[in-house]
Number of protein chains: 2
Amino acid sequence: MRAAGRDALRATVVDAAGEILAKEGPAGLTMRRLAAALGCTTTVLYTMFASKQGLIDAMYREAFDRLTARMRAIPHDAPPAERLRLGGLAYRENALSSPQLYQLTFGAAAPEHTPGPEARAAAEASLEPLIGIVQACIDAGLFRPEDPRFIAQVLTAAAHGAVSLELSHYFWSQAEAEQRYATLCAAAAQAFAR
Amino acid sequence: MRAAGRDALRATVVDAAGEILAKEGPAGLTMRRLAAALGCTTTVLYTMFASKQGLIDAMYREAFDRLTARMRAIPHDAPPAERLRLGGLAYRENALSSPQLYQLTFGAAAPEHTPGPEARAAAEASLEPLIGIVQACIDAGLFRPEDPRFIAQVLTAAAHGAVSLELSHYFWSQAEAEQRYATLCAAAAQAFAR
DNA sequence: ATTGTGCTATAACGCTGTTATCGTAGTCGA
DNA sequence: TCGACTACGATAACAGCGTTATAGCACAAT
């Protein structure tokens with residue numbers, strides 16, 4: 001079971017990197033600072049992650065895993081409409097709780113980064129819980145019977161658009177941002193109602 | 001009129017920076033490379049823009065000015081619904097025609113950058129043409145009489161969300177991206193129909 | 001002609017990601 | 001128990017980054 005210990009180590013490092021990112025911003029996240037925070041040298045980081053890209057890729061996966069966990073935490077036995085509402089709230093809450101990590105998954109903080117296969121898989125997986133909720137809405141007769149993945153992607157685009165503008169400070173207040181987020185999410189959902 | 005010549009110079013530099021950004025990506029846009037491309041030294045750039053942030057800020061404004069120009073180019077005498085449709089197409093076309101510049105305005109390629117006052121004004125100004133179109137839709141009885149700025153912001157969030165996911169390669173093909181974009185934009189607009 | 005002023009090239013500083021070199025600890029075989 | 005081999009980490013270096021202090025040069029004013 002050497003792999004388990006290695007994965008635990010990687011998780012520790014990724015957590016520390018996330019803390020630095022949240023506290024000091026993308027420019028503060030350097031291999032040297034991370035190594036110093038962990039009490040080791042950069043050599044260790046390079047043997048673990050091969051490059052800074054590799055570290056970013058691991059953080060990228062972590063970000064999507066968090067989203068997946070939040071979406072999965074929505075009770076399955078609630079009414080479909082309520083699950084959908086909670087999903088919308090969870091998405092924004094997740095983004096606002098660690099904005100830098102969220103933005104990492106959309107190019108900011110790592111403009112050059114292209115996610116690796118596992119990272120892409122994590123991104124895909126994060127959509128699954130919402131697809132399940134959408135399917136429940138279809139089964140309950142709330143939504144028209146279209147491709148649930150398609151619907152989930154459109155809903156995600158709506159949520160992301162509003163939250164992305166909020167994080168870029170294109171709205172004046174948090175209240176305005178919340179209102180625009182709710183309006184757009186509701187509009188997107190309404191488009192699939194039968 | 002010394003200022004005119006200075007502004008022309010700045011425009012030349014910003015254009016060159018935009019070309020490097022488009023061709024080599026964010027990491028390729030360095031002060032040294034830009035200076036080399038222009039046949040001068042970095043000192044000149046620093047007297048013109050004070051810092052790389054200043055250069056980014058100028059590019060940020062340029063990006064929004066382009067969007068403003070595209071939106072203004074939509075014929076004013078077309079039917080409001082058609083103007084709205086053209087606006088949606090123009091937004092995505094603008095983003096796809098220079099993706100790196102577009103992403104610059106949402107944190108990518110310059111995570112630390114916070115737009116200055118003039119840049120923020122340019123961003124605000126880019127919303128005005130759409131606000132005009134929305135107002136026309138209200139006047140024509142297509143939209144409910146709500147705050148046109150609010151409506152325009154929600155529409156922008158919709159368009160941005162879909163195009164942002166597309167640029168982050170979260171869709172498999174351009175056809176899929178286009179379909180999701182159209183669906184979400186239509187859904188957002190439909191929410192304000194009377 | 002001389003002084004002064006503004007602009008630019010040179011070169012440097014501290015930082016970055018990355019890696020070659022070297023030393024060391026720990027394991028395996030005799 | 002001893003020696004050799006292996007694997008890993010610390011040190012220090014390299015090229016390149018944003019930025020700036022220094023120094024020189026061209027040109028306007030007196």
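So that the names make sense, note that chain A is the first sequence line, chain B the second, and so on, each numbered from 1. Quick note: numbers below take in every heavy atom, side chains included, and nothing from hydrogens, waters or symmetry partners.
- For residues 183-194 of chain B, the set of pairs meeting the side chain to side chain donor-acceptor pair (under 3.5 Å) definition, not counting sequence neighbours, is empty.
- When DNA chain D is scanned 5' to 3' for any atom under 4.0 Å from a heavy atom of chain B, the first and last hits are D/dC17 to D/dT20.
- Applying the salt bridge (Lys or Arg N to Asp or Glu O under 4.0 Å) test to every pair with at least one member in residues 130-144 of chain A, sequence neighbours left out, gives these pairs: A/R144-A/E146.
- Among pairs with a residue in residues 152-177 of chain B, those fulfilling salt bridge (Lys or Arg N to Asp or Glu O under 4.0 Å) read B/R92-B/E166, B/E176-B/R180, at least two apart in sequence or across chains.
- Applying the ring pair (Phe, Tyr, Trp, His ring centres under 6.0 Å) rule to A/Y60 yields the partners A/F64, A/H113; only residues at least two apart in sequence or on another chain are considered.
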Side-chain donor-acceptor distances from residues 27-40 of chain A under 3.5 Å, at least two apart:
| unit_1 | atom_1 | unit_2 | atom_2 | d |
| --- | --- | --- | --- | --- |
| A/T30 | OG1 | A/R33 | N | 3.1 |
| A/R33 | NE | A/G28 | O | 3.3 |
| A/R33 | NH2 | A/E24 | OE1 | 2.9 |
| A/R33 | NH2 | A/E24 | OE2 | 3.0 |

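- Applying the salt bridge (Lys or Arg N to Asp or Glu O under 4.0 Å) test to every pair with at least one member in residues 41-54 of chain B, sequence neighbours left out, gives no pairs at all.
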Protein-nucleotides 17-20 of chain C N/O pairs closer than 3.5 Å?
| unit_1 | atom_1 | unit_2 | atom_2 | d |
| --- | --- | --- | --- | --- |
| C/dG17 | OP1 | A/M31 | N | 3.2 |
| C/dG17 | OP1 | A/K52 | NZ | 3.1 |
| C/dG17 | OP2 | A/M31 | N | 3.0 |
| C/dG17 | N7 | A/R32 | NH1 | 2.7 |
| C/dG17 | O6 | A/R32 | NH2 | 3.0 |
| C/dT18 | OP2 | A/Y46 | OH | 2.8 |
| C/dT18 | OP2 | A/K52 | N | 2.8 |
| C/dT18 | O5' | A/Y46 | OH | 3.4 |

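- Grouped with A/L127 in one hydrophobic cluster are A/I131, the linkage being side-chain heavy-atom contacts under 4.5 Å among Ile, Leu, Val, Met, Phe, Trp and Tyr residues.
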